[in-house]
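Heads up: the structure comes next, in structure tokens.
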2 protein chains.
Amino acid sequence: MRDPVRRAMEICPIEVGVAVAGGDWKMTTVSKLAPGPLRFGELQREVGPVSAKTLTRQLRALETDGVVIRTVYAEVPPRVTYELTEAGMALADIADQLGSWGKKYVGDPADSELRSG
Amino acid sequence: MRDPVRRAMEICPIEVGVAVAGGDWKMTTVSKLAPGPLRFGELQREVGPVSAKTLTRQLRALETDGVVIRTVYAEVPPRVTYELTEAGMALADIADQLGSWGKKYVGDPADSELRSG
DNA sequence: CTGCATCCATTAGGATACTG
DNA sequence: CAGTATCCTAATGGATGCAG
């Protein structure tokens with residue numbers, strides 16, 4: 001388990017979630033993996049303008065935290081797939097709800113009123 | 001609207017949510033405000049070991065993004081309260097779900113199995 | 001009480017070039 | 001194809017001290 005997560009455990013469950021799923025691209029990554037396993041390259045294209053380095057690091061963190069499973073196939077050319085654990089699927093639900101919230105936040109015509117009170 | 005949010009709008013709704021609600025303490029802050037308005041000091045005690053500076057900045061960002069409303073009372077000693085907008089209340093629901101996820105993530109005895117697949 | 005100013009250490013994340 | 005190595009900048013968040 002990563003240190004930020006361990007520290008968050010001392011504080012509150014919400015911060016645990018933030019420690020695991022916070023940071024750019026993680027929530028989107030988990031959401032994109034919800035329908036099924038994807039290869040690294042596919043995932044990178046789906047997620048958006050994320051650098052390979054950053055996506056790799058986020059995936060490694062998610063793997064360490066038990067959210068995704070990384071599978072390496074001994075083939076040429078190399079193939080690596082990522083899929084969600086059960087915890088990851090539960091997180092994907094929340095990611096999608098955050099997406100719904102974001103969609104409404106951006107697009108709702110009543111937004112100005114919504115945001116001012 | 002803050003730049004990170006504007007940038008996220010070009011990408012995907014989930015990243016909009018992350019841009020608005022990501023970062024330490026923001027989700028917890030929103031959750032603590034769900035029952036009703038709180039003063040700055042009350043909020044700081046409720047949220048946890050967050051510095052005044054950081055909490056202030058997060059609250060300003062949340063205010064700019066239309067998630068909380070900041071009210072200053074012309075009194076001595078000064079009194080400032082924070083309360084959620086409608087968008088903030090919707091976000092609080094998601095924060096609580098993330099908290100439930102984190103609680104299960106931390107406490108579920110089947111965690112090791114859950115996290116390994 | 002609220003919260004700004006300043007300084008500081010750590011981290012996040014992108015760009016580029018390179019490897020098995 | 002799926003990364004890793006290196007360098008870089010900007011942002012994050014805490015500590016302390018001061019102010020209205």
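FYI, side chains are in, hydrogens and waters are out, and symmetry mates aren't considered; it's all heavy atoms of this structure. Proteins get letters first, then strands, A, B, ... in listed order; numbering begins at 1 in each.
In this structure, the side-chain hydrogen bond (donor to acceptor under 3.5 Å, both in side chains) partners of B:Arg2, at least two apart in sequence or on a different chain, are B:Asp65. Judged as a side-chain contact (heavy atoms from CB on, under 4.5 Å), and not counting sequence neighbours, B:Asp93 has no contacts.
Between the C1' atom of C:dG13 and the CG atom of B:Asp3 lies a distance of 16 Å, rounded to the nearest Å. What separates CD of B:Gln58 from P of D:dA11 is a distance of 14 Å, to the nearest Å. Rounded to whole angstrom, the span from the CZ atom of A:Arg2 across to the C1' atom of C:dT10 amounts to 15 Å. One can place CZ of A:Arg60 at 16 Å from P of C:dA12, the figure rounded to the nearest angstrom. Distance CZ (B:Arg79) to P (C:dG3): 13 Å, rounded to an integer number of Å. In this entry the distance linking CG of B:Leu59 with P of C:dT2 reads 11 Å, nearest Å. Atom-to-atom, CD of B:Glu63 to P of C:dT2 comes out at 15 Å; the value is rounded to the nearest Å.
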Could you go over nucleotides 18-20 of chain C and give all protein N or O partners under 3.5 Å, atom names and distances?
none

Between the protein and nucleotides 5-8 of chain D, are there any N/O to N/O pairs under 3.5 Å, and if so, what are the atom names and distances?
| unit_1 | atom_1 | unit_2 | atom_2 | d |
| --- | --- | --- | --- | --- |
| D:dC7 | N4 | A:Lys53 | NZ | 3.4 |

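Remark: A:Gly23, A:Asp24, A:Trp25 in residues 16-26 of chain A come within less than 4.0 Å of DNA chain C through at least one heavy atom. The stretch residues 32-43 of chain B comes close to DNA chain C through B:Arg39, B:Phe40, B:Gly41, each having a heavy atom under 4.0 Å from the strand.
Screening residues 69-80 of chain A for salt bridge (Lys or Arg N to Asp or Glu O under 4.0 Å), with sequence neighbours left out, gives A:Glu75-A:Arg79. Within the structure, every pair that satisfies the ring-ring contact (aromatic ring centres under 6.0 Å, His included) test and touches residues 68-103 of chain B, not counting sequence neighbours, is listed here: B:Trp101-B:Tyr105. Legend: side-chain hydrogen bond (donor to acceptor under 3.5 Å, both in side chains) pairs involving residues 34-52 of chain B, not counting sequence neighbours, sorted by first then second residue: B:Ser51-B:Thr54.
Among the nucleotides C:dG3, D:dG3, D:dG13, the one closest to the side chain of B:Arg57 is D:dG13. Nearest to the side-chain atoms of A:Pro77 among the listed nucleotides C:dG13, D:dC1, D:dG3 stands D:dC1.
Residues A:Val16 and A:Ile11 have side chains not in contact (no heavy-atom distance under 4.5 Å, counting atoms from C-beta outward). Counting heavy atoms from C-beta on, the side chains of A:Ser100 and A:Lys103 never come closer than 4.5 Å. Side-chain contact between B:Ile69 and B:Thr81 is absent, with no heavy-atom pair separated by less than 4.5 Å. Side-chain contact between A:Val5 and A:Thr64: absent, with no pair of heavy atoms (C-beta onward) separated by less than 4.5 Å.
Scanning both residues, B:Val68 and B:Leu33, for their nearest heavy atoms gives CG1-CD1, 3.9 Å. Of all heavy-atom pairs between A:Ala19 and A:Pro4, the closest is CB-O, 3.7 Å.
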Compile the donor-acceptor pairs under 3.5 Å between side chains in residues 23-30 of chain B and protein atoms, sequence neighbours left out, one pair per line.
| unit_1 | atom_1 | unit_2 | atom_2 | d |
| --- | --- | --- | --- | --- |
| B:Lys26 | NZ | B:Val20 | O | 3.3 |
| B:Thr28 | OG1 | A:Glu15 | OE2 | 2.5 |
| B:Thr29 | OG1 | B:Trp25 | O | 2.6 |

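Under the 4.5 Å side-chain heavy-atom criterion for grouping Ile, Leu, Val, Met, Phe, Trp and Tyr, A:Leu38 is connected to A:Val72 within one hydrophobic cluster.
Among the heavy atoms of the strands, none lies under 4.0 Å from B:Gln44. Here A:Tyr82 lies in heavy-atom contact (under 4.0 Å) with sugar-phosphate atoms only.
Taking side-chain N and O atoms only, A:Arg7 has no distance below 4.0 Å to OP1 or OP2 of C:dT10. For the OP1/OP2 pair of C:dC1 and a distance below 4.0 Å, the side-chain nitrogens and oxygens of B:Arg45 include no atom meeting the criterion.
A donor-acceptor contact shorter than 3.5 Å is absent between the side chain of A:Ser31 and the backbone of A:Ala92.
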